[in-house]
S.K.: 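Take a look at this one; I'll ask things after.
What's counted below: heavy atoms across the whole structure, side chains too, no hydrogens, waters or symmetry copies. Everything numeric here is computed off the predicted structure, so don't read it as measured data.
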Amino acid sequence: MIGGLFAKVFQRVPSLLYRVSLMMKPQVVFVLGGPGAGKGTQCSKIVQSFNYTHLSAGDLLRAERAREGSESGQLISNYIKEGKIVPVEITINLLKKAMEETMQEDEKKFRFLIDGFPRNGDNLQGWKKVMEGKADVKFVLFFDCGNEVCIDRCLERGKSSGRSDDNRESLEKRIQTYLQSTRPIIDLYEESGKVRTIDASRCVDEVFADVKAVLDKEG
Ligand code: ADP
Ligand code: AMP
């Protein structure tokens with residue numbers, strides 16, 4: 001009798017766990033830094049060692065630009081070339097959809113690295129409007145790297161990336177956008193103790209050793 005009761009309870013454990021996991025809110029780490037600071041490189045390494053899904057705002061926008069029938073394709077194209085920040089309605093919808101699809105496919109995938117977002121006040125307002133209460137922002141991983149190093153890395157990447165914005169003219173504009181619009185957002189998160197700063201001017205493995213230490217400590 002008692003044995004049967006235990007058996008029934010244990011049979012239900014997986015389904016209870018399943019339901020708890022369904023209730024998990026997305027756990028988000030925002031990844032910020034200048035163009036070429038190494039955000040994408042480090043996110044790829046994080047994904048190999050930790051249970052995170054990498055969503056790059058820039059990659060999602062480039063995919064939307066290339067999608068046949070996209071209403072925003074031309075607009076995105078112009079903004080990217082000019083190094084300007086695409087209107088938040090477009091970016092936030094792409095991010096939300098990607099998060100939902102990831103969690104629908106596998107309910108255990110609720111940890112996200114959101115790379116290249118929020119890049120300005122408009123992005124932050126859009127996030128609050130659409131996602132506040134629906135996702136927890138754990139902290140901001142900030143890849144701190146001098147402008148000249150960033151530019152040199154992107155020019156090097158431009159030799160093979162085929163990106164319309166990895167050229168000196170676009171890069172000067174992207175650096176200005178970063179300094180004027182993104183740095184104040186990082187400063188804002190800094191005020192609430194939410195920024196984990198990594199010296200990103202060093203080699204990939206040294207940078208990753210610091211990233212790993214942060215994630216080992218804070219998940
Ligand atoms: P972001 O995503 O911040 O724009 P990427 O990760 O694409 O930057 O890196 C930009 C370029 O710099 C890439 O060509 C990459 O291989 C290179 N790179 C990334 N991290 C480092 C590093 N720590 N040292 C030297 N080169 C790097
Ligand atoms: P990235 O791939 O992060 O270097 O971004 C390339 C370009 O995509 C940027 O210069 C912007 O034009 C656009 N972009 C990337 N992230 C965002 C964002 N969060 N909001 C708006 N535009 C963005």
S.K.: Using 4.0 Å as the upper bound for N to carboxylate O, is an ion pair formed by Arg202 and Asp210?
M.R.: yes

S.K.: Are a donor atom and an acceptor atom from the side chains of Glu89 and Asn93 found within less than 3.5 Å of each other?
M.R.: no

S.K.: Using a strict threshold of under 4.0 Å (side-chain N to carboxylate O), is an ion pair present between Lys96 and Glu100?
M.R.: yes

S.K.: Under a 4.0 Å threshold between the charged nitrogen and the carboxylate oxygen, would Asp166 count as salt-bridged to Arg174?
M.R.: yes

S.K.: So, the side chain of Ser70 versus the backbone of Glu64: is there a donor-acceptor pair under 3.5 Å, distance only?
M.R.: yes

S.K.: I need the minimum non-hydrogen distance between Tyr52 and Val47, along with the two atoms involved.
M.R.: O-CG2, 3.5 Å

S.K.: For Lys212, I'd like to know if atom NZ has over 12 heavy atoms of other residues, nucleotides or ligands within 6.0 Å.
M.R.: no

S.K.: Is it true that a side-chain atom of Lys39 and a backbone atom of Gly34 form a donor plus acceptor pair closer than 3.5 Å?
M.R.: yes

S.K.: Do Ile185 and Val31 belong to the same hydrophobic cluster, where Ile, Leu, Val, Met, Phe, Trp and Tyr are linked whenever their side-chain heavy atoms lie under 4.5 Å apart, directly or via other members?
M.R.: no

S.K.: Between the side chain of Thr177 and the main-chain N/O of Lys173, is any donor-acceptor distance below 3.5 Å?
M.R.: yes

S.K.: Assigning hydrophobic clusters by single linkage (Ile, Leu, Val, Met, Phe, Trp, Tyr; side-chain heavy-atom cutoff under 4.5 Å), is Val195 placed with Tyr178?
M.R.: yes

S.K.: Checking Arg153 side chain against Ala37 main chain: does a donor-acceptor pair fall under 3.5 Å?
M.R.: yes

S.K.: Taking the side chain from Thr182 and the backbone from Arg119, do they hold a donor-acceptor pair closer than 3.5 Å?
M.R.: yes

S.K.: Does this structure show an ion pair linking Lys159 with Glu156, if we count only N-O contacts that are shorter than 4.0 Å?
M.R.: yes

S.K.: So which heavy atom on Pro118 is nearest to which on Tyr189, and how close?
M.R.: CG-CE1, 4.2 Å

S.K.: Taking atom CD of Gln27 as the centre, report whether more than 12 heavy atoms of other residues, nucleotides or ligands fall under 6.0 Å from it.
M.R.: yes

S.K.: On a heavy-atom basis, which atom in Val86 and which in Leu75 lie closest, and how many Å separate them?
M.R.: CG1-CD2, 4.4 Å

S.K.: Kindly give the heavy-atom pair with the smallest separation between Leu60 and Leu95, and that separation in Å.
M.R.: CD1-CD2, 3.6 Å

S.K.: Given the rule in the side-chain contact (heavy atoms from CB on, under 4.5 Å) test, do Ile175 and Ile151 qualify, once you have shown the distances and angles that lead to the verdict?
M.R.: CA-CA 8 Å; Ile175 293 281; Ile151 291 177; 4.0 Å; yes

S.K.: If you count every heavy atom of other residues, nucleotides or ligands that lies below 6.0 Å from Lys194 atom NZ, does the total exceed 12?
M.R.: yes

S.K.: Verify the cluster assignment for Val149 and Leu179: are they in a single hydrophobic cluster under the rule of side-chain heavy atoms below 4.5 Å apart?
M.R.: no

S.K.: For the pair Thr53 and Leu113, evaluate side-chain contact (heavy atoms from CB on, under 4.5 Å) and give the outcome as yes or no after the intermediate values.
M.R.: CA-CA 6 Å; Thr53 300; Leu113 298 165; over 6 Å; no

S.K.: Please identify which of these residues, Ile198, Thr41, Ile46, meets the side-chain contact (heavy atoms from CB on, under 4.5 Å) condition with Phe208.
M.R.: Ile46

S.K.: Taking all non-hydrogen atoms of both residues into account, name the closest pair between Ala57 and Gly116 and its distance.
M.R.: CB-O, 3.6 Å

S.K.: Test your reading of the model: is there a side-chain donor-acceptor pair from Gln42 to the backbone of Val204, 3.5 Å cut-off?
M.R.: yes

S.K.: Is the backbone of Glu82 close enough, under 3.5 Å, to the side chain of Ser170 for a donor and an acceptor to pair up by distance?
M.R.: no

S.K.: Are Met103 and Val28 linked, directly or through other ILVMFWY residues, by side chains that come within less than 4.5 angstrom of each other?
M.R.: yes

S.K.: Between the side chain of Asp136 and the main-chain N/O of Lys138, is any donor-acceptor distance below 3.5 Å?
M.R.: no

S.K.: Is the shortest side-chain N to carboxylate O distance from Asp106 to Lys109 below 4.0 Å?
M.R.: no

S.K.: If you compare all heavy atoms of Leu55 against all heavy atoms of Phe112, which two are closest, and at what distance to 0.1 Å?
M.R.: CD1-CD2, 3.7 Å

S.K.: What verdict does the side-chain contact (heavy atoms from CB on, under 4.5 Å) test give for Phe143 and Val207, after you've listed the backbone C-alpha separation in whole Å, the side-chain angles of each residue and the deciding distance to 0.1 Å?
M.R.: CA-CA 9 Å; Phe143 290 102; Val207 175; 3.8 Å; yes

S.K.: Restricting to salt bridge (Lys or Arg N to Asp or Glu O under 4.0 Å), what partner residues turn up for Arg183, sequence neighbours left out?
M.R.: none

